[in-house]
Amino acid sequence: MIRFDPETKMDEQSDGPAPKWSKGSPILITFITMFLVCSPILSVECTAISVWPKPREFSWPTQQAALLSPSFTIESPHHQCLSTSVKRYLHLILCENFHPLSNPHANLTNGPTLQTLVVLVNDLVAPLSHGVNESYSLSIPTSGGKASLFAETVWGAMRGLETFSQLVWGKPSRVAVGVEVRDWPIFSYRGVLLDTSRNYYKVEDILRTIGAMSANKLNVFHWHITDSQSFPLLLPSEPDLAAKGAYGSDMQYSPADVRRIVEFGLEHGVRVLPELDMPGHTGSWAEAYPEIVSCANMFWWPAGSEWADRLASEPGTGQLNPLNPKTYQVLKNIIHDVATLFPDQFYHAGADEIIPGCWKADPTIQAFLSSGGTLSQLLETFVNSTLPYILSLNRTAVYWEDVLLDPIIKVDKSLLPTEHTILQTWNNGPNNTKRIVSSGYRAIVSSSDFYYLDCGHGGFVGNDSQYDQPPGSNQGNGGSWCASFKTWQTIYNYDITYGLTEEETTLVLGGEVALWSEQADPTVLDARIWPRASAMAESMWSGNRDKNGMKRYAEATDRLNEWRSRMVSRGIGAEPIQPLWCIRNPGMCNTVHPSV
């Protein structure tokens, strides 16, 4: 085993100091690196136990396990969300009986069974909001009896319950004992985006995704609800938008559905961040309000025109007209309803991919441009007419980076106060992250080169000649604008603060993987997201490097195999990352040659 003195200094992105060790806890912390202890080259016996995401500090010096009492219980303070979580985890711990792909080489003690997990929470009233303390400490003694979990908040307690559940395996159930854990996240924002406009997902699909997120210690479900293709959200003040803009009456989300999803998120420690993209990506609004949508239902890229003159970047045209007063009457109702349905402090206002050709096709906008107006002034009019209302509802506005960084249509920085605005980046990798934070804005990183889960599956546009290339010629990217496929290793190894100063790093809230649904629906949902989102989850929680600063993707492989297997046993259809043979033969599937 590898032993070294723990660093007690917290990362600057953490939620603050984790709960202190109890008196008499070990000074030395054991970190078990599976790549070293499992390598057949080193001829050492594998003794690791798998926890995902890897805790910041984990000690298991005895490598012992005890039986879990059949009457095992969890004692915790009463809290609506925590109590529901405790009940869920108690059932999971007693009934999961997970059989690891490679059993931990733990010595089963002859001592008493573990009877109880006692959960203590310092702050029972802290709301689930950005920056809430999610730290916890977990102690499982070798003497049996009671284990203890201490957390600053109920949300940290939920993270600790997940860790405890992963330390239980087998039938009869056994649990690792002599374990000490101190854990807290590096980044406070750890998200998954799901687009429910291009293709519809049932509420159960969304709930399953949120449940899997919680198990991976992810904490923000970014719900991209509407787009040009459909408007599935039923809003009390504007019911015609869904009645006419959804794919059908059975493909809508009612207010009751939203409440169920938001409540489920709270019970799993996952915030629900709504996005109704605007002013672009609003073609579906034209079914109810054709007068406020420019270039609706037009062919997206007219024959004979250049790409720069397209009306949309993909089939499905339509952008809100900032010059029509009716636009803002509708928007005020929408924003009010969304803020009422979704209690999160963040409000995602979209503002990506505003296409010049669409606005130029509108007669009223043509007249505005002819009189000296500009496309950027149109966007500034829109932002000036909507952002103040969003802020008046006690929300922080989140926009896609385009609102500030687009080369053609963008607003002046003075219109977006840094204290009330967060920008989400998706282009140009670390370069755009740098541009955002160097301008003083907080950033959410969703770089498409690393975090777009839909990439690499070809394009969905029909009648596309780029697929008809002669044999032996360059087949290009297969029609996928963001090819190649983003492997779990690519996601895991991405450093979202690359190239930033120490001060700029503090403005990076975290990262978010995205599943856009042009070519995804419930039949492929789980496999598209998992376990690749798990890779981001660990890099956001405890990082992708070991104590010596070396990337740890090698040792992460075996742990991710085990975690993927456990997710599948829990009903998540995560795709495999290796043949089973690799797990049965540790180290044999690794390469020992550097890439060239």
Side-chain angles (χ1 to χ4, degrees), residues 6-11 13-31 49 51-62 66 68-69 72-90 92-93 114-129 131-168 175-186 188 190 214-215 217 219 266-269 541-542:
E7 289 186 341
T8 56
K9 182 180 178 181
M10 302 277 292
D11 190 288
Q13 288 290 336
S14 68
D15 294 319
K20 294 183 179 179
W21 286 98
S22 59
K23 186 177 180 181
S25 11
I27 297 176
L28 296 179
I29 306 300
T30 302
F31 281 81
I49 190 167
V51 177
W52 196 279
K54 191 170 188 173
R56 301 288 288 274
E57 297 179 2
F58 180 90
S59 172
W60 190 35
T62 64
L68 198 70
S69 170
F72 174 81
T73 60
I74 301 176
E75 298 177 1
S76 71
H78 177 72
H79 180 281
Q80 182 176 351
C81 296
L82 179 60
S83 298
T84 302
S85 183
V86 164
K87 182 178 179 180
R88 181 178 68 253
Y89 274 108
L90 181 60
L92 178 68
I93 290 163
L114 188 67
Q115 300 283 336
T116 308
L117 173 63
V118 179
V119 179
L120 300 173
V121 178
N122 185 49
D123 183 354
L124 286 170
V125 298
L128 181 61
S129 59
V132 70
N133 192 314
E134 297 176 273
S135 64
Y136 68 92
S137 65
L138 175 64
S139 179
I140 310 176
T142 55
S143 58
K146 292 184 177 182
S148 61
L149 169 62
F150 176 74
E152 285 294 332
T153 67
V154 297
W155 321 111
M158 290 182 188
R159 309 304 176 219
L161 286 168
E162 176 57 41
T163 295
F164 182 88
S165 76
Q166 293 184 36
L167 296 173
V168 179
V175 58
V177 296
V179 171
E180 300 283 349
V181 180
R182 290 180 73 232
D183 206 11
W184 64 96
I186 296 175
S188 294
R190 308 177 303 280
S214 179
K217 297 185 174 70
N219 65 354
L266 284 169
E267 292 169 353
H268 288 74
W541 181 272
S542 55

Exercise. Can you name the nearest heavy-atom pair linking Gly269 to Leu128, along with the distance?
Worked result: C-CD2, 3.7 Å

For this session: Drop me the distance from Arg182's CZ to Ser135's OG, to the nearest 0.5 angstrom.
Result: 8.5 Å

Exercise. Any side-chain heavy atom of Gln80 within less than 4.5 Å of one from Leu266?
Worked result: no

Seminar exercise, completed: Between Cys81 and Met158 the two heavy atoms that sit nearest each other are O-CE, 3.7 Å

Problem set entry | Close side-chain approach of Ile186 and Arg56, heavy atoms under 4.5 Å | yes

Seminar exercise, completed: What one should report as the nearest heavy-atom pair of Glu152 and Asn122 is OE1-ND2, 2.9 Å

Exercise. Is Val179 close to Ile49 at the side-chain level, that is, under 4.5 Å between some pair of heavy atoms?
Worked result: no

For this session: Can you see which heavy atom on Gly156 is nearest to which on Ala151, and at what distance?
Result: C-CB, 3.6 Å

For this session: With rounding to the nearest 0.5 Å, note down the distance linking CG in Leu149 to CD1 in Ile74.
Result: 9.0 Å

Exercise. Should Leu114 and Val177 be marked as a side chain to side chain contact (heavy atoms under 4.5 Å, CB included) after you check the CA-CA gap, both sets of side-chain angles, and the distance that decides it?
Worked result: CA-CA 9 Å; Leu114 188 67; Val177 296; 5.6 Å; no

Exercise. Distance from Asp183 atom CG to Ser137 atom OG, nearest 0.5 Å?
Worked result: 10.0 Å

For this session: Could you tell me whether a side-chain N or O of Asp123 sits under 3.5 Å from a main-chain N or O of Thr153, the two making a donor and an acceptor?
Result: no

Exercise. So, do Val175 and Ile93 sit near enough that their side-chain heavy atoms are less than 4.5 Å apart?
Worked result: no

For this session: Report the residues that fulfil side-chain hydrogen bond (donor to acceptor under 3.5 Å, both in side chains) with Ser542, sequence neighbours left out, ordered by chain and then residue number.
Result: Arg552

For this session: Measure the spacing between CD of Glu180 and CG of Leu138 and express it to the nearest 0.5 Å.
Result: 8.0 Å

Problem set entry | Residues which pass ring pair (Phe, Tyr, Trp, His ring centres under 6.0 Å) with Phe72, listed by chain and number, not counting sequence neighbours | Phe164

Seminar exercise, completed: Separation between NZ (Lys87) and OG (Ser76), nearest 0.5 Å, reads 12.5 Å

For this session: Looking only at non-hydrogen atoms, find the nearest pair between Arg190 and Glu134 and report the distance.
Result: NH2-OE2, 2.8 Å

For this session: Check the pair Tyr136 / Val181 against side chain to side chain contact (heavy atoms under 4.5 Å, CB included), numbers first and verdict last.
Result: CA-CA 8 Å; Tyr136 68 92; Val181 180; 4.0 Å; yes

Exercise. Hey, does Trp60 have a side-chain heavy atom less than 4.5 Å from the side chain of Val51?
Worked result: no

For this session: Calculate, to the nearest 0.5 Å, the distance between atoms CD and CG belonging to Gln115 and Leu68 respectively.
Result: 9.0 Å

Problem set entry | Closest approach of Ala157 to Val121 (non-hydrogen atoms, all atoms of both residues) | CB-CG2, 4.1 Å

Exercise. Is Trp52 reaching over with its side chain to a backbone N or O of Gln166, donor-acceptor style, under 3.5 angstrom?
Worked result: no

Exercise. Does a sphere of radius 6.0 Å around CD in Glu75 hold more than 12 heavy atoms from other residues, nucleotides or ligands, not counting ones at 6.0 Å or beyond?
Worked result: yes

For this session: State, yes or no, whether a side-chain contact exists between Leu92 and Val168 at a heavy-atom distance under 4.5 Å.
Result: no

